[in-house]
*Asks:* 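I'd like to ask you about the structure that follows.
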Amino acid sequence: FDLYDFAEAHYVSYTFMYKHFTALRQTLQKWGINLNNNSELTGNELAIRLLLAELIIITHVGEETFDDEIRTALHELLELIDTPAIAHQ
């Protein structure tokens with residue numbers, strides 16, 4: 001992963017992407033997750049799993065391919081993820 005190439009491919013400046021990448025790192029660190037220069041997530045395993053689950057849910061929760069039972073479970077998981085105690089583990 002090269003931040004310069006990513007910025008160029010998305011038509012934004014390197015400085016803009018660097019600021020956002022740094023902000024992302026700082027946000028993840030609050031949850032006990034580290035994002036290294038190779039785009040690897042390390043740290044609190046539960047927090048990493050919840051983050052990845054939330055990303056999947058956010059990008060797919062509206063899909064009609066999920067039946068009601070799965071959508072309900074996804075919404076319940078989102079509520080759990082939003083629980084403040086999880087962020088401090």
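All values derive from a computational prediction rather than experimental measurement. Along the sequence shown, the residues carry numbers beginning at 1.
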*Asks:* Roughly how far apart are Leu35 CG and Gln29 CD, rounded to 0.5 Å?
*Replies:*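 Between atom CG of Leu35 and atom CD of Gln29 there are 9.0 Å.
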*Asks:* Among residues two or more places apart or on two chains, list those pairs meeting salt bridge (Lys or Arg N to Asp or Glu O under 4.0 Å) that have a residue in residues 40-50.
*Replies:*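 Qualifying pairs: Glu45-Arg49.
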*Asks:* Ser13 and Ala7: which non-hydrogen atoms are nearest, and at how many Å?
*Replies:*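 Between these two residues, the closest heavy atoms are O-CB, 3.8 Å.
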*Asks:* With a 4.5 Å cut-off on side-chain heavy atoms, are Trp31 and Asn44 touching?
*Replies:*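 A side-chain contact is absent here, since even the closest heavy-atom pair is not under 4.5 Å.
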*Asks:* Quick one: OH on Tyr11 to CZ on Phe16, what's the gap to the nearest 0.5 Å?
*Replies:*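 Between atom OH of Tyr11 and atom CZ of Phe16 there are 15.5 Å.
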*Asks:* Just how far is it from atom OG1 of Thr42 to atom CD1 of Ile48, taken to the nearest 0.5 Å?
*Replies:*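 Interatomic distance, Thr42 OG1 to Ile48 CD1, rounded to 0.5 Å: 6.0 Å.
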